[in-house]
Amino acid sequence: GQQVMQIPQYQHVQEGEDFTTYCNSSTTLSNIQWYKQRPGGHPVFLIQLVKSGEVKKQKRLTFQFGEAKKNSSLHITATQTTDVGTYFCAGVSQISGKLTFGTGTRLTIIP
Amino acid sequence: NAGVTQTPKFRVLKTGQSMTLLCAQDMNHEYMYWYRQDPGMGLRLIHYSVGEGTTAKGEVPDGYNVSRLKKQNFLLGLESAAPSQTSVYFCASSYLPVSTEAFFGQGTRLTVV
């Protein structure tokens, strides 16, 4: 079945440093979503990417969808303590139409 | 506007006991989902519903049953709890299937001893 892997699993950064998480799917995706889960909280939708090569920005966050629509990335510039949490990608398979969540990347910030 | 509400928030069960988790949404969404979250494994779909009176199996349905008698409610049942079902359970709903934003409840932390 479809697998969606994220790397790294954990990332510790100094406040002010940049952070990137990568999402890779075993199958071609029709679209990809990103969610953020604060410690002890629930996943909250951030954004959806649909087009090949699409890039979207939300303030310090930059989301990218690969040309082959099998991978995606989330880059945070100049991290802040409010960025702490686990970031999940979730991809919709072009073949099955099913939504599969990635394994997540847990970001911790060192003040 | 409450969004998606799950009850209970915490529960401890003994092996073999049964329980029902309730999910209620007030956004008039057609689609509802139950996920379980385990460390290092992301969110795995247990069952889902595409409308009132319908249910379907997800990725990890064994040991669980669901019902959607009313559009706003989606119930997850454990008939005979096992330690392997210790997890955090999230309910979610969406207006359209998969390709739109999913709204999640606060989660239920279940421990089976």
Side-chain angles (χ1 to χ4, degrees), chain A residues 1-11 21-27 29-51 54 56 58 63 65 69 72 85-106, chain B residues 1-10 21 23-25 27 29-50 56-62 74 76 87-110:
Chain A
Q2 181 190 6
Q3 290 186 326
V4 180
M5 301 299 294
Q6 279 182 256
I7 55 170
Q9 189 173 1
Y10 302 95
Q11 185 78 59
T21 174
Y22 300 91
C23 178
N24 294 287
S25 170
S26 59
T27 62
L29 303 171
S30 59
N31 62 71
I32 194 158
Q33 301 171 5
W34 284 92
Y35 291 79
K36 177 183 178 181
Q37 183 177 22
R38 293 182 186 276
H42 60 281
V44 175
F45 177 84
L46 293 176
I47 208 162
Q48 176 172 272
L49 304 171
V50 178
K51 299 177 183 177
E54 187 171 14
K56 286 189 176 181
Q58 287 180 350
F63 304 85
F65 201 9
K69 301 185 79 173
S72 180
T86 301
Y87 292 85
F88 291 98
C89 62
V92 179
S93 171
Q94 270 191 355
I95 300 172
S96 66
K98 289 185 178 180
L99 177 71
T100 301
F101 276 83
T103 47
T105 295
R106 181 184 292 182
Chain B
N1 192 342
V4 180
T5 303
Q6 289 181 233
T7 53
K9 289 184 171 51
F10 303 93
L21 282 68
C23 176
Q25 54 96 2
M27 295 173 283
H29 285 168
E30 289 291 341
Y31 299 86
M32 297 188 74
Y33 317 87
W34 276 106
Y35 291 91
R36 60 178 288 173
Q37 183 175 33
D38 302 292
M41 302 191 74
L43 290 149
R44 293 183 293 168
L45 183 63
I46 305 171
H47 286 281
Y48 64 99
S49 169
V50 301
K57 293 180 180 180
E59 184 184 351
V60 287
D62 293 343
F74 195 28
L76 177 70
S87 187
V88 179
Y89 292 86
F90 286 100
C91 175
S93 71
S94 64
Y95 179 63
L96 293 173
V98 296
S99 295
T100 56
E101 175 183 359
F103 293 82
F104 283 80
Q106 300 293 326
T108 297
R109 184 173 295 275
L110 174 66

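Note that this is a predicted model, so its numbers are computed, not measured. Residue numbers begin at 1 in each chain, while the letters A, B, ... track the order of the sequences.
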Proximity breakdown for B:F103 and chain A, heavy-atom pairs closer than 4.5 Å: neither

At a heavy-atom distance under 4.5 Å, which candidate from A:Y35, A:Y10, A:F88 has the highest pair count against chain B? A:Y35

Proximal component of B:L45, with respect to chain A [non-hydrogen, under 4.5 Å]: neither

Of the listed residues (B:M41, B:Q106, B:R109), which shares the most heavy-atom pairs with chain A below a 4.5 Å separation? B:Q106

Applying salt bridge (charged side-chain N to carboxylate O under 4.0 Å, His left out), can you list everything that pairs with B:R44, at least two apart in sequence or on another chain? B:D38

Distance (rounded to the nearest 0.5 Å) between B:L43 CG and A:T100 OG1: 11.0 Å

Quick one: CD on B:E101 to CG on A:L46, what's the gap to the nearest 0.5 Å? 9.5 Å

Which distance, rounded to the nearest 0.5 Å, do you find between the OH of B:Y48 and the NZ of A:K98? 6.5 Å

Any non-hydrogen side-chain atom of B:Q37 less than 4.5 Å from a side-chain atom of A:Q37? yes

More than 12 heavy atoms from other groups under 6.0 Å of CZ on A:F45: yes

